[in-house]
Amino acid sequence: MSKVAIAFKRILVGRPQRSDRLGDTLLPKRVALPVFASDAMSSVAYAPEEIFLTLSVAGITAYAFSPWIGLAVVVVMLTVVTSYRQNVHAYPSGGGDYEVATVNLGRYAGLTVASALLVDYTLTVAVSISATAANVGALVPYVGTHKVAFAVVLIVLLTAINLRGVRESGTAFALPTYAFMLGIFSMIIWGLTRVYVFGDEVRAASADLQLIEEGDHLTGFALAFLVVRSFTQGCAALTGVEAISNGVPAFKKPKSRNAATTLLLLGGIAVTMILGMIALALITGVKVAEDPAVQLVGAPEGYQQQTMVAQLAAAVFGDFLPGFFFVVVVTALILVLAANTAFNGFPVLGSMLAQDRYLPRQLHTRGDRLAFSNGILFLAGFAILLVIGFQAEVTKLIPLYTVGVFVSFTLSQAGMLRHWNRLLTGETDLTARRRMRRSQGINGFGLAMTGTVLVMVLVTKFSNGAWIAIAAMAGFFVLMQAIRRHYDRVSVELELGPDNPVLPARNHAIVLVSGVNLATLRALGYARATRPDVLEAVTVNVDEAGTRRLGKAWVDRKLPVHLKVIESPYREITRPVLEYVKRIRSDNPRDVVTVFIPEYVVGHWWEQLLHNQSALRLKGRLLFQPGVMVTSVPWQLASSERLKQRRPESAPGAVRRGYPGLGTGAAGTTGPDGGSGSDGAAGRDGTDPRPASARPR
């Protein structure tokens with residue numbers, strides 16, 4: 001990397017951390033709560049609103065179902081939280097639902113859960129950031145008209161923060177999360193106090209508008225279907241709960257207990273805020289519609305529907321504008337931070353899948369700051385595509401949202417039932433058996449509840465976009481299977497067997513030459529030092545005059561290696577060399593051919609464009625030839641020497657210069673930082689300054 005690129009990276013992510021400092025990045029509960037639970041808490045900003053938006057299709061009378069729908073969502077959330085407390089104690093390694101399903105239900109169930117979670121984490125970022133843009137748009141009209149660009153910038157900013165490490169990002173996110181909790185609880189408590197203690201009439205700005213239903217009057221099955229769909233929209237509040245079970249390794253010891261406590265805190269806080277928001281919305285008469293221009297009658301010209309949070313804050317705090325601005329701002333912040341749950345869950349899950357060879361191995365390793373940097377970047381890229389594709393519209397993204405999380409919930413609970421059954425088979429202690437039976441009952445109830453919700457989600461949302469999430473899950477499933485097959489196939493190919501050849505019969509070495517100069521002499525010297533069975537220098541005749549000059553210089557220098565000229569009537573370099581190498585291999589199939597390529601090591605990126613191009617093509621083609629080894633022999637130009645003086649700790653080839661004669665220097669099979677080619681070896685003759693007795697033979 002260039003000096004500017006390294007400086008930019010250090011500004012962006014900070015100084016690298018040693019691996020033995022991983023323990024210093026573990027999170028206490030007070031920091032883990034905002035890191036892992038911000039998604040579920042932030043659902044207060046849109047889950048209650050989605051319930052009202054869906055019910056608005058049937059008119060104002062359908063709002064009467066909202067408290068019962070809210071209670072149903074709360075029951076499901078408490079059930080899931082209680083069930084996951086069993087998970088984190090039973091599987092504290094951080095595999096979460098993926099590990100539970102894989103161990104107890106088999107590989108395919110585990111892959112299904114993994115596919116669902118990968119999709120859900122991506123949607124978490126897209127939905128949260130899109131909701132942020134909507135809330136900020138309530139304050140800044142410019143943002144409301146440029147939501148997509150605003151959302152993309154937020155994702156990039158969030159990515160940069162997470163690249164700095166889990167602990168640093170957790171510390172940065174703690175204050176806004178607690179500020180959001182303070183703002184929402186203050187709004188709920190003050191609003192209820194004004195109504196029930198002081199007897200004030202607290203009315204939302206939209207309370208006097210008339211909400212009419214869309215189309216014909218909904219009754220019977222159609223109304224029931226709408227209520228169920230509203231319930232599934234509200235179940236978006238449960239997303240993010242599973243992130244804690246995936247993030248157990250990030251907690252300080254005792255990890256399982258701290259994770260279980262954080263889950264309990266999450267459930268209590270989220271449930272209270274959701275019920276409080278629904279109650280306040282009914283008291284203040286808030287009206288939100290899927291199509292405000294059609295459904296809201298009596299609205300002034302140019303009316304822009306604000307989010308439910310913004311309407312409630314304006315109604316509760318009235319003329320106290322700081323209160324209104326505080327609630328709206330911290331809501332926007334928590335929605336940004338909600339995406340952080342995915343930025344902590346997705347990379348950890350990706351690392352486990354990579355370890356199991358279902359995803360590229362690059363996702364398994366940690367970056368400079370001990371964060372899974374590649375996973376963070378992958379997640380950010382997918383989320384940006386979703387935001388752009390759906391124009392940052394929360395209502396369009398929500399139907400895709402809850403499918404994946406309830407697939408993982410359901411399979412996880414089924415896996416936990418198998419887990420307890422297996423333990424009960426070998427357990428004889430009555431106290432332990434009672435404890436296992438209690439846990440089994442909790443997970444059994446969780447399975448029934450989440451399975452029922454999953455069916456509702458699939459039925460009510462399939463045609464509204466849920467099929468896209470299902471298709472994405474299927475795509476991830478097939479992709480991970482293909483990646484695993486590839487890695488398995490490579491492992492089989494590389495396995496040692498009784499008949500594997502250890503050494504080739506002979507080594508036929510070829511040094512590619514385009515001129516008699518210092519780079520060529522170094523390549524010849526290094527090739528001789530390897531003591532091949534056959535050594536020859538090869539040049540391609542693309543210019544008669546130049547080839548004659550090369551031959552004369554070769555003879556004049558009395559170089560001890562035979563020079564062979566390959567004719568190229570079409571002035572190509574790559575194909576004649578390939579055909580010559582293939583001929584050697586076909587004549588002697590048990591021989592190995594080693595091709596030595598002199599290279600220039602340059603100090604500037606633009607110099608790379610002027611050198612080493614033919615060698616890049618040659619190496620790219622030769623690497624696909626069986627029985628052929630490609631060795632790069634570097635020669636550092638003066639520009640690389642100047643770069644070394646400016647940055648001695650990373651100068652290319654800092655210990656490889658030596659004498660410019662035969663047999664000096666070193667080589668690498670992939671080449672040094674600055675070069676990868678052979679066409680830089682033309683135009684400068686050179687001799688070995690050492691006495692003949694000291695020269696290698």
Side-chain angles (χ1 to χ4, degrees), residues 22-43 77-104 113-114 117 120-121 124 162 165-167 169-171 173-174 177-178 181 237-271 337-338 340-352 370-372 405 408-409 411-413 415-416 419-420 423 435-436 438-439 442-443 446 450:
L22 183 59
D24 298 338
T25 66
L26 298 180
L27 306 177
K29 293 190 291 292
R30 67 179 183 277
V31 178
L33 181 64
V35 168
F36 291 106
S38 55
D39 180 21
M41 285 192 291
S42 70
S43 62
M77 173 170 278
L78 292 178
T79 301
V80 170
V81 167
T82 306
S83 299
Y84 270 84
R85 283 170 58 85
Q86 317 302 314
N87 290 33
V88 297
H89 285 297
Y91 294 92
S93 61
D97 295 341
Y98 166 67
E99 184 178 5
V100 172
T102 302
V103 171
N104 298 288
V113 168
L117 287 176
D120 189 69
Y121 282 138
T124 295
N162 275 277
V166 175
R167 188 175 183 93
S169 63
T171 304
F173 296 156
T177 302
Y178 288 121
M181 293 164 55
L238 276 73
T239 54
V241 173
E242 78 289 342
I244 293 180
S245 65
N246 290 331
V248 175
F251 284 80
K252 282 191 171 180
K253 296 181 179 179
K255 296 176 181 292
S256 296
R257 183 186 301 173
N258 287 337
T261 303
T262 305
L263 264 169
L264 189 61
L265 290 171
L266 159 66
I269 293 170
V271 160
L337 305 191
N340 188 63
T341 301
F343 274 101
N344 284 281
F346 184 101
V348 174
L349 177 61
S351 175
M352 293 198 66
L370 299 177
F372 295 106
V405 73
S408 62
F409 284 166
L411 289 177
S412 173
Q413 299 310 304
M416 288 301 295
H419 168 79
W420 297 123
L423 293 184
R435 185 173 63 253
M436 291 179 187
R438 183 176 65 252
S439 298
I442 292 172
N443 289 124
T450 56

Item to check | Distance, nearest 0.5 Å, that separates CZ of R438 from CH2 of W420 | outcome: 9.5 Å
Checklist entry - What is the distance from atom CG of L349 to atom OH of Y121, rounded to the nearest 0.5 Å? => result 6.0 Å
Checklist outcome for this item: Shortest non-hydrogen pair, G267 vs V81, comes out as CA-CG2, 4.0 Å
Next on the checklist: What verdict does the side chain to side chain contact (heavy atoms under 4.5 Å, CB included) test give for Y91 and N104, after you've listed the backbone C-alpha separation in whole Å, the side-chain angles of each residue and the deciding distance to 0.1 Å?
Outcome noted: CA-CA 12 Å; Y91 294 92; N104 298 288; 2.9 Å; yes
Item to check | Smallest separation among heavy atoms of Y98 and A114, with atom names | outcome: CD1-CB, 3.8 Å
Checklist entry - Hey, are D120 and S408 close enough side-chain-wise for a donor-acceptor pair under 3.5 Å? => result no
Checklist entry - Within a strict 4.5 Å, meaning less than it, do heavy atoms of the V103 and H419 side chains meet? => result no
Item to check | Shortest non-hydrogen separation from A260 to H89 and the atoms involved | outcome: CB-NE2, 3.6 Å
Next on the checklist: Would the distance check show the side chain of N258 and the main-chain N or O of K252 forming a donor-acceptor pair, the cut-off being under 3.5 Å?
Outcome noted: yes
Checklist entry - Measuring from Q86:CD to L263:CG, what's the distance to the nearest 0.5 Å? => result 10.5 Å
Checklist entry - Side chains of M416 and N87: does their closest heavy-atom pair fall under 4.5 Å? => result yes
Checklist entry - At what distance, to the nearest 0.5 angstrom, does OG1 of T79 lie from CG of N443? => result 11.0 Å
Checklist entry - Do the non-hydrogen side-chain atoms of F409 and S83 ever get within less than 4.5 Å of each other? => result no
Checklist entry - Does the side chain of K255 reach to within under 4.5 Å of the side chain of P92, using non-hydrogen atoms? => result no
Next on the checklist: Once rounded to the nearest 0.5 Å, what's the spacing between atom CD of E99 and atom OG of S412?
Outcome noted: 10.5 Å
Checklist entry - If you round to the nearest 0.5 Å, how far is CD1 of I269 from CG of L264? => result 9.5 Å
